[in-house]
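Presented below is the structure to which this report refers.
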Protein chains: 2
Amino acid sequence: MSRDELQSLLDDVNADHAEARVVRVLSERGAVSANEIARATGLARSTISQALAELRGADVIVEAASADLARGVGRPAASFALNPRAGTCLGLHLSLDEIKLIAADVSHSVIFEKNVALGRDYAPAEAVEAARVALRESCREAGVAWSSVIGVGLSFSGPVAPDGRVQRASIIPTWAGVNLGEAFGPALERPIFADNESNCSAIAEMTWGAAIGVEDFVLFKIDIGVGGAIVANGRVLTGIAGAGGEFGHMTLDPQGELCRCGNRGCLELTASLNPAISVASRLAGRPLGVDEFIERAAAGDVGCRRLLADTAERAGRGLGMIGAILNPGLILIGGRAALAGEALLRPLIASYERHTLIKREETPPAQRVRIEIAKYPRNHALLGAVALVLRRHGRLS
Amino acid sequence: MSRDELQSLLDDVNADHAEARVVRVLSERGAVSANEIARATGLARSTISQALAELRGADVIVEAASADLARGVGRPAASFALNPRAGTCLGLHLSLDEIKLIAADVSHSVIFEKNVALGRDYAPAEAVEAARVALRESCREAGVAWSSVIGVGLSFSGPVAPDGRVQRASIIPTWAGVNLGEAFGPALERPIFADNESNCSAIAEMTWGAAIGVEDFVLFKIDIGVGGAIVANGRVLTGIAGAGGEFGHMTLDPQGELCRCGNRGCLELTASLNPAISVASRLAGRPLGVDEFIERAAAGDVGCRRLLADTAERAGRGLGMIGAILNPGLILIGGRAALAGEALLRPLIASYERHTLIKREETPPAQRVRIEIAKYPRNHALLGAVALVLRRHGRLS
DNA sequence: CTGGATTATTTCTATTTCGAAAGAATTACG
DNA sequence: CGTAATTCTTTCGAAATAGAAATAATCCAG
């Protein structure tokens, strides 16, 4: 295969030769040994050997600093990663009042990270222009040629349909109906990938976090909203309209309070951090931020601890239902509530146990649900946005 | 490849040549054209052509009566199916007070079907012995050599762990903790496959029913219990302990009535047919059966219709949550309630719409959830049991 | 410090699979 | 009818892949 063909393998999603599959595995996992590549692709070791030789010849991959972590007996395995100079992936997170930027090379190293503040309820065109300027500039500063950008991943705070359209139910009302691919594609002139925030977080956990190598898990996010993502067979279940994993909008009480989504009694109304923070603020005599509240709870403030435990109790009810529906092997707790660690986890697990079908003690260890804190609880959907590009997930154009 | 090797392809799950993959596709789908096989396997048409020639030479496959359904322009495609004489699959459904038997050849034709009544709460050993005797005898009568039986699929009314163990939460209390593979394996001396009833129904719908070719859907069963199954990427999500899809045991009201599963306020308590039938029976002055109740509702009895609609309203609440969590493209309604057709479907869809996040009218048609009646609403998990064997799903030994 | 045990990697050849082109069976249309 | 268009199927040489055996790099035990 020619050098040019090999170097363009990063763009070609559909190619199905040994070389292409090796590149895809490296793109998804970072540094990997030849043996692992063989297992992941299902190809023979000899085939991998040949492919690696060719790819190395074309400077597409490099030998990685061997992570001698589990160094046993026998010849140690060499690790390979994509040549960092072979391309750059950009990520963009669109949140309530700012956009966050990130760039990573194809070997999974972060090159730069940056925030751009915007007014509340900013218009799509504003964000597109701000993103264009900031990305171009940051790339120039970091010495990244725009032509070497493989794609831009977008993380959005709300359901994103498979065609890139933002659903009404999003946090930022001005964006309802906007097609992210059509909005950002012309301005950025690079392939666009997009998914909702929680799905991005799940992908970040799969790529760098607490779910590396896990094919089936659920991410449950507790922050000022409640959301999540479902991963089955190694793929994020986005749902037919991109609304999979919207745990916050399970209707717990059809006669309950009105939710911003237009329904009543959603889980989010009781299980997000908002009610707890309201009460804590009243007691403190001044408005508390999310971080301050969590810090107080983690530090042992009995009031905040109890408020957090009550939140966990209510969230655990929803989580128990998710357990009855999906019976996942691993549930990762994300969102800033997870920063409280055990103070959240203990009452949450207790509540889960009380509300779910299969009880822990009557199940052999291998079939038990593990509930753990995610590695990136603090909104690191941004990392996931860049992983969208690395995994070629949610491609729009 | 030798004739013997080709003929044993049906037993070898792990083989990964063109011939093996062709056999597997035919086993899963029945009669298929060469072109479809190529698409399903991802192999080149020329490879399929060669493989088919070899398999035909070894009498493993036969040319099927060409189902000239969609006969367009151009040369018509020939269909192939596994040679019915190449093997037989048995299925077994273990219900409350009887076991049901079925046999089908590998081309998906049913050979015989039979019920064996047992006392309520029968013991496992009883069922094993009854199954052994009835299956052996029926096979002899039908001229099926026991050695030609590829495997026996078991459908069980309750969660079945991946290792074959029956969970406590099952309908038949005497079976809690029993390992289905260990119980049936020695007596039947054939490979055993097992899964819970609803998962089997889902597989039946995928193989013969309303979900042929659909990779992602949810089956929601409303009968004297409430249950279901989730299919993602063409695979049934069984969950880490086999309790995936247990929609009936979502906790709607933590302070509600006690459920047989040990929790309170489960969906099943309000959304199954039981409450409606109780009221209808009181009004009728005598106990009504499920079928009678459904017939009355379908025939236009206003009381029964309203009771059914109320049930649908309550079930729709649970279904709406499933919609928020999974956002599936297709929801099939199974169980005997589905026999009422539109009388159930209309209020169910209305309730779903009211309780789910993404509303129908604000979604383009391609992203809308379709809610339809399953093809086999009347407990045809039995068909699914035999499909377990055809699809090599849930293998225990 | 040396030889055996263990695991990783490459080499070489046989086999499998692919892609392009030819051939076959049918419908559409003049 | 006959020819063109369309679609399915097979053939055959080229390319990719797998499997077995050889080679390499390390640990471990004496």
Side-chain angles (χ1 to χ4, degrees), chain A residues 1-3 5-6 9 12 14-26 29 31-58 60-81, chain B residues 1-2 5-6 9 12 14-26 29 31-58 61-81:
Chain A
M1 207 177 293
S2 82
R3 200 187 162 93
E5 280 175 312
L6 287 170
L9 239 40
D12 193 346
N14 297 354
D16 187 34
H17 14 192
E19 286 81 6
R21 292 170 75 172
V22 169
V23 166
R24 227 168 300 148
V25 168
L26 292 177
R29 308 206 190 180
V32 186
S33 79
N35 244 333
E36 281 180 274
I37 298 174
R39 258 192 306 118
T41 59
L43 297 168
R45 275 186 289 259
S46 53
T47 309
I48 300 299
S49 174
Q50 273 177 256
L52 288 175
E54 259 204 284
L55 290 168
R56 203 161 7 166
V60 176
I61 64 172
V62 293
E63 194 155 341
S66 50
D68 311 48
L69 295 166
R71 182 82 154 267
V73 72
R75 175 175 174 174
S79 278
F80 297 89
Chain B
M1 208 178 294
S2 84
E5 280 175 311
L6 286 170
L9 239 41
D12 193 348
N14 296 355
D16 187 32
H17 11 165
E19 287 80 5
R21 292 169 75 173
V22 168
V23 166
R24 227 168 300 148
V25 168
L26 292 177
R29 308 207 191 179
V32 186
S33 78
N35 243 333
E36 281 181 273
I37 298 174
R39 258 193 306 118
T41 58
L43 297 169
R45 274 186 285 261
S46 53
T47 309
I48 301 299
S49 175
Q50 274 176 256
L52 288 175
E54 259 204 284
L55 290 167
R56 205 163 3 168
I61 65 172
V62 293
E63 193 154 342
S66 50
D68 310 49
L69 295 166
R71 182 85 154 266
V73 70
R75 176 174 172 173
S79 278
F80 298 88

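Throughout, a chain's letter reflects where its sequence line sits, starting with A, and its residues are numbered from 1.
- Between B/Ile37 and B/Leu52 there is a side-chain heavy-atom pair separated by less than 4.5 Å.
- Note on A/Ala53: nothing from the nucleic acid sits closer than 4.0 angstrom, heavy atoms only.
- Protein atom CG of B/Leu43 is 20 Å distant from nucleotide atom P of C/dT15, rounded to whole Å.
- Look at CG on B/Leu6: it is 11 Å from P on C/dT16, rounded to the nearest Å.
- Nucleotides of DNA chain D lying under 4.0 Å from heavy atoms of chain B occupy a range whose first and last members, 5' to 3', are D/dT6 to D/dT11.
- Summary of the strand contacts: A/Glu19 and A/Gly74 both lie near DNA chain D, and taking for each the nucleotide with the nearest heavy atom, the more 5' one is attributed to A/Glu19.
- Protein atom CD of B/Glu63 is 13 Å distant from nucleotide atom C1' of C/dA25, rounded to whole Å.
- Nearer the 5' end of DNA chain C, as judged by each residue's closest nucleotide, is the contact made by A/Arg45, out of A/Asp16 and A/Arg45.
- Distance A/Phe80 CZ to C/dT9 C1': 9 Å, rounded to the nearest Å.
- Atom-to-atom, CD of B/Gln50 to P of C/dT17 comes out at 9 Å; the value is rounded to the nearest Å.
- Between the CZ atom of A/Arg39 and the P atom of C/dA8 there is a distance of 10 Å, rounded to whole Å.
- With values rounded to the nearest 0.5 angstrom, B/Ser79 atom OG is found 10.5 Å from B/Asn35 atom CG.
- Distances were taken from every side-chain heavy atom of A/Arg75 (C-beta onward) to each of C/dC12, C/dA28, C/dT9; the shortest belongs to C/dT9.
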Practice task
Quick one: do B/Glu5 and B/Glu19 satisfy side-chain contact (heavy atoms from CB on, under 4.5 Å)? Show the steps, please.
Solution key: CA-CA 10 Å; B/Glu5 280 175 311; B/Glu19 287 80 5; over 6 Å; no
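- Here the CG-CZ distance, from A/Leu26 to A/Phe80, works out to 9.0 Å after rounding to the nearest 0.5 Å.
- One atom, CG of A/Asn35, and another, C1' of C/dT7, lie 8 Å apart when rounded to the nearest Å.
- Here the CZ atom belonging to A/Arg45 is positioned 14.5 Å from the CD atom belonging to A/Gln50, to the nearest 0.5 angstrom.
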Practice task
Go through the steps to decide whether B/Leu55 and B/Leu9 satisfy the test side-chain contact (heavy atoms from CB on, under 4.5 Å), and finish with yes or no.
Solution key: CA-CA 10 Å; B/Leu55 290 167; B/Leu9 239 41; 4.2 Å; yes
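- In this structure, the CG atom of B/Leu52 is 13 Å from the P atom of C/dT17, given to the nearest Å.
- In this structure, the separation between CZ on B/Arg56 and CG on B/Leu6 is 13.5 Å, given to the nearest 0.5 Å.
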